[in-house]
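Each remark here refers to the structure printed beneath this line.
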Amino acid sequence: MTPGFRNPFKLLDFAFVMQEKISQQHGPVIDLALDTISKGKQALVFVNSKPSAEKQAEEISKRCNGKLDELAEKVLNVLSTPTKQCKRLAGCIKKGIAFHHAGLDQKQKELIEDGFRAGEIKIICCTPTLAAGMDLPAFRTILTSLKRYTNHGMDYIPVLEYEQMAGRAGRPKYDSYGEAICIAGTDAQKEELIEKYLNGEVEHIYSKLAAEPVLRTYVLSLISSGLVRSKEDLMKFFSRTFFAFQFKDLKKIEELLVRVLGMLKDWGFVKGSSNEDFVSADSMNEKYIVTLLGKRVVELYLDPLTANKLVEGLKKKCEKNEFSYLQLISHTLEMRPLLRIKKSEYEEVQEKIALIEENLLEDGFFDEFEDFENSIKTAWFFEEWINESSEEQLLEKFGVRPGEIKYKLNLSDWLLFSCIELSKLSLLNENVSNLTKLRVRLKYGIKEELMPLVRLKGIGKTRARKLYSNGIKDVRGLKKIGLGELKLLIGEKTAENIKKQLEMG
DNA sequence: GGACGGTGAAACTTCAGGTTGCCTC
DNA sequence: GAAGTTTCACCGTCC
């Protein structure tokens, strides 16, 4: 831990003194940022939301005169067509300021992190993305707010989280100490912050085993690995965990485990190993073994609940189209958080539901209708993607940023792969070819007609579309066209490469 | 007089994050 | 609960 930064009074008083000393020109955050730069140092500014991170960075950058044109150019051209977000980021970076959150493309995040480490970028305004894991120390950490929106309204963040953010301050190699500065609005608030975060204790750690999804997954994998063969084994195992230590009530744990076992059995992921008829259902000695399907569920790292939902959905006999599958995988715990429906979108989504209701692979969503509606919006977003909407269009229509698009696509690929595997093991092979096709389309973001073209290395969404609209629709078309003409369409190097691939068959 | 643009206050809307599968030239 | 965004009334300017 860096010396200096744990001394609470020094710290917070410093912030107050600082505000007066820096003559409060533009508000505390901007003043502190500019002061950091004038000292030749760097700072991380933690804010509460993605829009805030962008706004704050922009405000600071307006008052800076960096000249990082080259880096800005790189950041701008990470995607095939820059989105609004890219332009905004490039504008800030030009001045030596950046914003950083999960909505950025991975490549952009790396450029920013490297730029900061190299000392070119002076200030990063970020959401808690940068709080943990990342090795990005700065001289100063500025925490604009220690409250965050939760399910129960605005609430103070845990002390542990505060420490993670504050702990970014202090660069072992360059500074002998670091400064973590919380912005307090009033004296009363200042006292509150000191009490809670500087004098307060870190919260107790609670075992996450208590959460049922984790418990389900755990029990199944224990049985699958052979570590646990009976309810008795299971109880023995769990009585030694931190979960049991905290929970204390072994009877309750047993009830919970029995329920989980029952579910796994109903879903066909485990079965009684022998002479089941002679052993009563809640006998401690009843032996369990994993089924083939259950084993695969473990290997796929799926929550058994999700796995069962997928299997049940895949079984459904109805007219299935892309949207059917997309909605099925969107309405899982794994896909959360789902895209949320804005007020202005409500009617549009209702219309969409009416349109595709008959093709859905699930029924009985009445208890959590809002969640269901969100799954429709999420599936819709995927659908637009495979119909060749650009990142910019998705940002406009669904408010999904490029980084989030990639993350969601990665999840969807995993879940579709899981659907394929589960179909194979559940004798539901009629789904396999459609799912496989869908995976390819999601990977590239293309309509079905471009599929033959993207098989070739060097051809993705953009080039495939260009070729197609010029009448080249498949490998045969590519073979027929002359090299010169092909070069004009997709560039010299790529054209040569493609021809080579075709020759090799 | 009417179109247009700028300004500011009120009303409205939204709010962090990120491991897992497989294959591979 | 707070901050960012949108909306809308109001005013001044120019043609």
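Hydrogens, waters and symmetry mates are skipped; everything else that's a heavy atom, side chains included, is used. Owing to the predicted nature of the structure, the values given are computational and were not obtained by experimental measurement. Order of the sequence lines sets the chain letters (A, B, ...), proteins ahead of strands, with each chain counted from 1.
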Counting any heavy atom closer than 4.0 Å, what does [X] reach on the DNA or RNA strands: base, sugar-phosphate only, or nothing?
X	value
A:Glu334	nothing
A:Lys147	nothing
A:Asp155	nothing
A:Ser418	nothing
A:Glu161	base
A:Leu411	base

Interatomic distance, [X] [atom1] vs [N] [atom2] [rounded to whole Å]:
X	N	atom1	atom2	value
A:Ile341	B:dT14	CD1	P	11 Å
A:Leu146	B:dC15	CG	C1'	16 Å
A:Lys55	C:dT5	NZ	C1'	9 Å
A:Leu502	B:dC25	CG	P	19 Å
A:Glu421	B:dT20	CD	P	18 Å
A:Arg336	B:dT20	CZ	P	21 Å
A:Phe46	B:dC15	CZ	P	21 Å
A:Lys342	B:dT13	NZ	P	11 Å

Side chain of [X]: nearest nucleotide among [options]?
X	options	result
A:Arg439	B:dC22, B:dC15, B:dG17	B:dC22
A:Ala102	B:dC22, B:dG17, B:dA16	B:dG17
A:Met154	B:dC22, C:dA2, B:dG18	C:dA2
A:Arg148	B:dA16, C:dA3, C:dT5	B:dA16
A:Lys457	B:dA16, B:dC25, B:dC22	B:dC25

Stacking of A:Tyr149 on B:dC15 base (centres under 5.5 Å, planes under 30°): yes
Over-ring placement of A:Lys461 relative to A:Trp385, 6.0 Å and 45° cut-offs: yes
Are the charged groups of [X] and [Y] less than 4.0 angstrom apart, N to O?
X	Y	value
A:Lys62	A:Glu59	yes
A:Arg296	A:Glu299	yes
A:Asp413	A:Lys443	no
A:Glu496	A:Lys487	yes
A:Glu161	A:Arg148	yes
A:Lys437	A:Glu322	no

Scan nucleotides 9-11 of chain B against the protein and return all N/O pairs shorter than 3.5 Å with their distances rounded to 0.1 Å.
none

P atoms of C:dT5 and B:dA16, separation to the nearest Å: 13 Å
Side-chain N,O (A:Thr127) to OP1/OP2 (B:dG17) below 4.0 Å: yes
Phosphate contact (B:dC15 OP1 or OP2) by A:Arg340 side-chain N/O below 4.0 Å: yes
Heavy-atom donor-acceptor pair, A:Asn410 side-chain to B:dG18 base, under 3.5 Å: no
Base partner of B:dA16, which must satisfy Watson-Crick or wobble distances under 3.5 Å: none
A:Tyr325 versus A:Asn431, side-chain donor and acceptor atoms under 3.5 Å: yes
Derivation of the salt bridge (Lys or Arg N to Asp or Glu O under 4.0 Å) call for A:Asp105 and A:Arg401: CA-CA 8 Å; A:Asp105 188 88; A:Arg401 296 170 162 87; over 6 Å; no
